[in-house]
> 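Below is the structure I would like to discuss, written out as structure tokens.
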Amino acid sequence: MALIAEISELLQKGKAKNVKALVQQALDENMDPKEILNDGLLAGMMTIGAKFKNNEVFVPEVLVAARAMNAGLTVLEPKLVEIGNEPVGKAVIGTVQGDLHDIGKNLVVMMLKGAGFEIHDLGVDVAPDAFIDKAEEVDADVICMSALLTTTMPRMQDCVDRLKERGLRDKYIVMIGGAPVNDSFAEQIGADYYTPDAASAAETAKEAVLKVKGKNA
Ligand code: B1M
């Protein structure tokens with residue numbers, strides 16, 4: 001079986017150590033890190049996602065697959081970062097309060113690092129004010145929020161509202177993403193950008209920061 005397909009298969013079986021080893025092997029064989037990500041790790045996780053939706057697998061299987069994906073990502077991350085560009089700005093990122101999904105958020109982190117951002121990752125279950133406090137502490141350019149549950153999407157609105165209440169709304173670029181989020185929701189809550197995937201999140205963040213810095217220069 002081709003190495004990339006094997007990574008996808010082993011991820012679906014939750015074999016974290018094997019996934020990690022095969023990702024390393026693929027890198028050693030000079031395979032494209034983006035191909036390993038998209039056709040190996042992401043493809044495997046998407047298959048598990050579809051099976052979960054159809055009740056073909058359940059939470060424990062999804063959880064071990066997610067762990068295997070994160071194990072592979074730890075090996076891949078330095079390479080994805082390496083192929084990135086010059087530092088462009090600082091981003092605070094997290095999954096919103098009440099939400100524990102972090103795989104997509106971790107991908108956005110990697111892509112942002114790859115685009116040259118200094119990242120302050122607050123992890124999961126992040127309260128609206130915690131995003132803002134960290135952004136203030138590190139003098140960030142961008143606040144990035146991820147949500148995977150329809151029940152936690154409103155926490156994004158809370159963060160934008162708190163920015164307004166604290167007189168800081170214009171200081172930060174606010175970006176949102178995650179499976180249930182879309183453009184019209186971003187517009188509705190007053191976020192600056194919605195992007196559908198990690199790669200476009202990084203591209204958009206970079207363009208937005210350069211635009212702001214250009215304007216202020
Ligand atoms: Co959860 N879960 N889950 N889950 N889970 C979903 C999201 C769900 C759609 C499954 C389903 O029913 N079909 C459903 C949500 C339904 C809804 O709200 N409409 C759901 C549910 C219901 C739940 C629980 C409530 C289940 C339960 O306990 N009964 C529970 C909630 C726990 C909580 O958060 N409080 C729960 C738990 C879990 C696990 C812990 C088992 C595990 C998470 C493990 C982890 O993340 N460490 C899990 C998983 C893995 C999933 C699915 C199967 C896969 C999510 C994932 O990682 N996808 C998911 C079903 C699905 O999506 N098909 C599901 C891969 C990842 C790469 O995609 O995160 O979408 P994603 O990220 C994408 C884009 O969205 C984007 O970039 C990435 C791609 O490049 N993106 C951004 C993400 N954030 C961004 C931010 C940006 C820009 C782009 O800018 C800032």
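Indexing begins at 1, ligand by ligand and atom by atom, following the structure's order.
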> Just distances here: any N/O of Leu100 and N/O of ligand 1 closer than 3.5 Å?
yes
> Are any of the N/O atoms in Thr150 less than 3.5 Å from those in ligand 1?
yes
> I'd like to check the side-chain hydrogen bond (donor to acceptor under 3.5 Å, both in side chains) partners of Tyr172; sequence neighbours left out, ordered by chain and number.
Glu136
> Tell me, which protein N/O/S atoms are under 2.8 Å away from atom 1 (Co) of ligand 1?
His101 NE2
> Going by the closest heavy atom to atom 82 (C) of ligand 1, which one wins out of Gly178, Gly98, Ala191, Ala147?
Gly178
> Say you draw a straight line from CG of Leu37 to CG of Leu41; how long is it, rounded to the nearest 0.5 Å?
6.0 Å
> Could you pull out, from Ala179, Gly104, Pro196, the option with a heavy atom nearest to atom 74 (C) of ligand 1?
Pro196
> Any non-hydrogen protein atom below 4.0 Å of atom 48 (C) of ligand 1?
yes
> Going from CE on Met153 to CD1 on Ile176, what distance comes out if it is rounded to the nearest 0.5 angstrom?
7.0 Å
> Relative to ligand 1, is Ile176 under 4.0 angstrom through side chain, backbone, both or neither, heavy atoms considered?
backbone
> Decide whether the shortest distance between a heavy atom of Pro180 and an atom of ligand 1 is less than 4.0 Å.
no
> Before accepting this row, confirm whether a basic side-chain N of the pair Arg155/Asp161 lies closer than 4.0 Å to the acidic partner's carboxylate O.
no
> Closest non-hydrogen protein atom to atom 80 (O) of ligand 1, residue and atom name please, with distance?
Ala198 N, 2.9 Å
> Which of the atoms in ligand 1, numbered in the order shown and given with their element, are less than 4.0 Å from a heavy-atom of Leu63?
40 (C)
> Report yes or no: does Ala65 have a heavy atom closer than 4.0 Å to ligand 1?
no
> Which one holds for Met69 and ligand 1: side chain close, backbone close, both close, or neither close, with close meaning a heavy atom under 4.0 Å?
neither
> Taking side-chain hydrogen bond (donor to acceptor under 3.5 Å, both in side chains) as the definition, give me every residue that meets it alongside Thr195, ordered by chain and number, with sequence neighbours left out.
none
> Sequence neighbours left out, what passes side-chain hydrogen bond (donor to acceptor under 3.5 Å, both in side chains) with Gln188? Give chain and number order.
none
> I'd like to know if Val181 contacts ligand 1, where contact means a heavy-atom distance under 4.0 Å to any ligand atom.
no
